[in-house]
J.: 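Got a structure for you, questions after.
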Amino acid sequence: MGAERIKVLLVEDDGDSRELLAELLEFEFDVVTASDGLAGLKAFESELPDVVVTDESLPGLHGTELARRVKARAPRTRVILVSGYTQVDGAEHCDLVLRKPIDVERLSSSVSRLGEEARQWQGDDARQ
């Protein structure tokens, strides 16, 4: 059953926010966390998640740059950018932008929907 759960990478530099969001998402998804953009990129490369949820303002590598690199390596991976800003340069590399404060129910339903899309894409690749 665990293999069927959507795998999520959560990249957030605020430790309290990261722990709280991870705990909430773990009810439905397999969650891996990272505390900055570069650690997030390394975790992405080793874990190959279905969905990346990233804050924009990260040390080392902003969320939009992380999204750009994720999409260059694995276009099927879905990226949700979380930001307190209304407009974010580079947001075109993300599949969804959610504003802070985060609505956890919306985040969870978005992860579910986008994770299923990513898996559908992966299934389409396997059939070709």
Side-chain angles (χ1 to χ4, degrees):
M1 182 172 134
E4 295 186 21
R5 287 170 53 110
I6 292 168
K7 186 184 280 190
V8 179
L9 169 60
L10 173 64
V11 188
E12 169 61 63
D13 60 323
D14 180 271
D16 291 339
S17 296
R18 184 175 60 249
E19 287 179 30
L20 178 63
L21 282 175
E23 284 180 25
L24 293 169
L25 291 172
E26 284 172 345
F27 285 108
E28 295 182 65
F29 313 107
D30 288 340
V31 180
V32 176
T33 64
S35 60
D36 63 53
L38 293 173
L41 185 59
K42 287 181 184 176
F44 166 76
E45 291 171 344
S46 65
E47 299 292 332
L48 297 175
D50 300 300
V51 179
V52 175
V53 178
T54 183
D55 188 23
E56 168 58 7
S57 300
L58 295 169
L61 194 67
H62 286 318
T64 48
E65 179 59 18
L66 174 62
R68 187 187 69 75
R69 293 184 187 192
V70 162
K71 290 293 192 171
R73 288 173 171 84
R76 74 161 187 89
T77 301
R78 300 300 188 242
V79 180
I80 299 173
L81 180 73
V82 177
S83 177
Y85 302 108
T86 309
Q87 296 285 3
V88 181
D89 289 338
E92 67 273 9
H93 301 292
C94 306
D95 296 286
L96 179 65
V97 178
L98 295 178
R99 293 275 318 270
K100 288 183 177 180
I102 298 172
D103 177 333
V104 175
E105 286 185 24
R106 182 165 182 216
L107 175 63
S108 182
S109 66
S110 298
V111 167
S112 183
R113 178 177 53 82
L114 292 172
E116 290 301 326
E117 282 180 16
R119 290 187 166 196
Q120 181 64 40
W121 180 326
Q122 185 178 27
D124 290 346
D125 288 349
R127 286 189 286 270
Q128 291 179 359

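Below, each value reflects all heavy atoms present in this structure, side chains not excepted, and no hydrogens, waters or symmetry copies.
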J.: Rounded to the nearest 0.5 Å, what separates atom OG1 in T33 from atom CD in E23?
T.: 11.0 Å

J.: Quick one, K100 and D55 - any side-chain contact, counting heavy atoms below 4.5 Å?
T.: yes

J.: Are L98 and I80 side-chain neighbours, meaning at least one heavy-atom pair lies under 4.5 Å?
T.: yes

J.: Quick one: does any side-chain atom of E56 pair with a main-chain N or O of G84 as donor and acceptor, under 3.5 Å?
T.: no

J.: Kindly give the heavy-atom pair with the smallest separation between L66 and G40, and that separation in Å.
T.: CD1-C, 4.1 Å

J.: Mind checking whether V79 and V11 sit in one hydrophobic cluster, side chains of I, L, V, M, F, W, Y counted as touching below 4.5 Å?
T.: yes

J.: For G63 and T54, work out which heavy atoms get closest and say how close.
T.: CA-OG1, 3.7 Å

J.: Would you name the heavy atoms of P49 and V8 that are closest together and state the gap between them?
T.: CB-C, 4.2 Å

J.: Tell me the closest heavy-atom pair linking A34 and A39, and the distance in Å.
T.: CB-C, 3.7 Å

J.: Would you give the length of the straight line joining atom CG of D103 to atom OG of S110, rounded to the nearest 0.5 angstrom?
T.: 8.5 Å

J.: Given the rule that I, L, V, M, F, W and Y join up when any side-chain heavy atoms are under 4.5 Å apart, are V104 and L10 in one cluster?
T.: yes

J.: Does some side-chain heavy atom of I6 sit less than 4.5 Å from a side-chain heavy atom of R78?
T.: no

J.: With a 4.5 Å cut-off on side-chain heavy-atom distances among I, L, V, M, F, W and Y, is there a chain of contacts connecting V53 to L61?
T.: no

J.: So for atom NZ, which belongs to K42, do other residues, nucleotides or ligands contribute more than 12 heavy atoms lying within a distance under 6.0 Å?
T.: no

J.: Checking L107 against L24 for the side-chain contact (heavy atoms from CB on, under 4.5 Å) test, could you report, in this order, the C-alpha distance in whole Å, the side-chain angles of both residues, the deciding distance, and whether it holds?
T.: CA-CA 10 Å; L107 175 63; L24 293 169; over 6 Å; no

J.: How long is the gap from CG on L96 to CG on L114, to the nearest 0.5 Å?
T.: 6.0 Å

J.: I'd like to know if the side chain of R119 reaches the main chain of E4, judged simply by a donor and an acceptor atom lying under 3.5 Å from each other, with no hydrogens or angles considered.
T.: yes

J.: Are L9 and E47 side-chain neighbours, meaning at least one heavy-atom pair lies under 4.5 Å?
T.: no

J.: Is the shortest side-chain N to carboxylate O distance from D95 to R113 below 4.0 Å?
T.: no

J.: Between S108 and E28, is a side chain to side chain donor-acceptor pair (under 3.5 Å) present by the stated rule, with each step listed?
T.: CA-CA 8 Å; S108 182; E28 295 182 65; 2.6 Å; yes

J.: How close do S112 and F29 get, heavy atom to heavy atom, and via which atoms?
T.: N-CZ, 3.8 Å

J.: Is the backbone of T77 close enough, under 3.5 Å, to the side chain of K71 for a donor and an acceptor to pair up by distance?
T.: yes

J.: Filter on side chain to side chain donor-acceptor pair (under 3.5 Å), then keep only pairs touching residues 8-21, sequence neighbours left out; what's left?
T.: D14-S17

J.: If only atom types and distance count, is the side chain of R5 paired as donor or acceptor with the main-chain N or O of E26 below 3.5 Å?
T.: yes

J.: Please determine whether residues V32 and L25 belong to a single hydrophobic cluster, defined as Ile, Leu, Val, Met, Phe, Trp and Tyr linked transitively by side-chain heavy-atom distances below 4.5 Å.
T.: no

J.: Do R76 and D50 come within less than 4.5 Å of each other through their side chains, counting heavy atoms only?
T.: yes

J.: Report the C-alpha separation of R99 and T86 in whole Å, then their side-chain angles, then the decisive distance to 0.1 Å, and conclude whether the side-chain contact (heavy atoms from CB on, under 4.5 Å) test is met.
T.: CA-CA 7 Å; R99 293 275 318 270; T86 309; 3.6 Å; yes

J.: So F44 and R69, side-chain contact (heavy atoms from CB on, under 4.5 Å) or not? Walk me through it.
T.: CA-CA 10 Å; F44 166 76; R69 293 184 187 192; over 6 Å; no

J.: Given the rule that I, L, V, M, F, W and Y join up when any side-chain heavy atoms are under 4.5 Å apart, are V51 and V82 in one cluster?
T.: yes

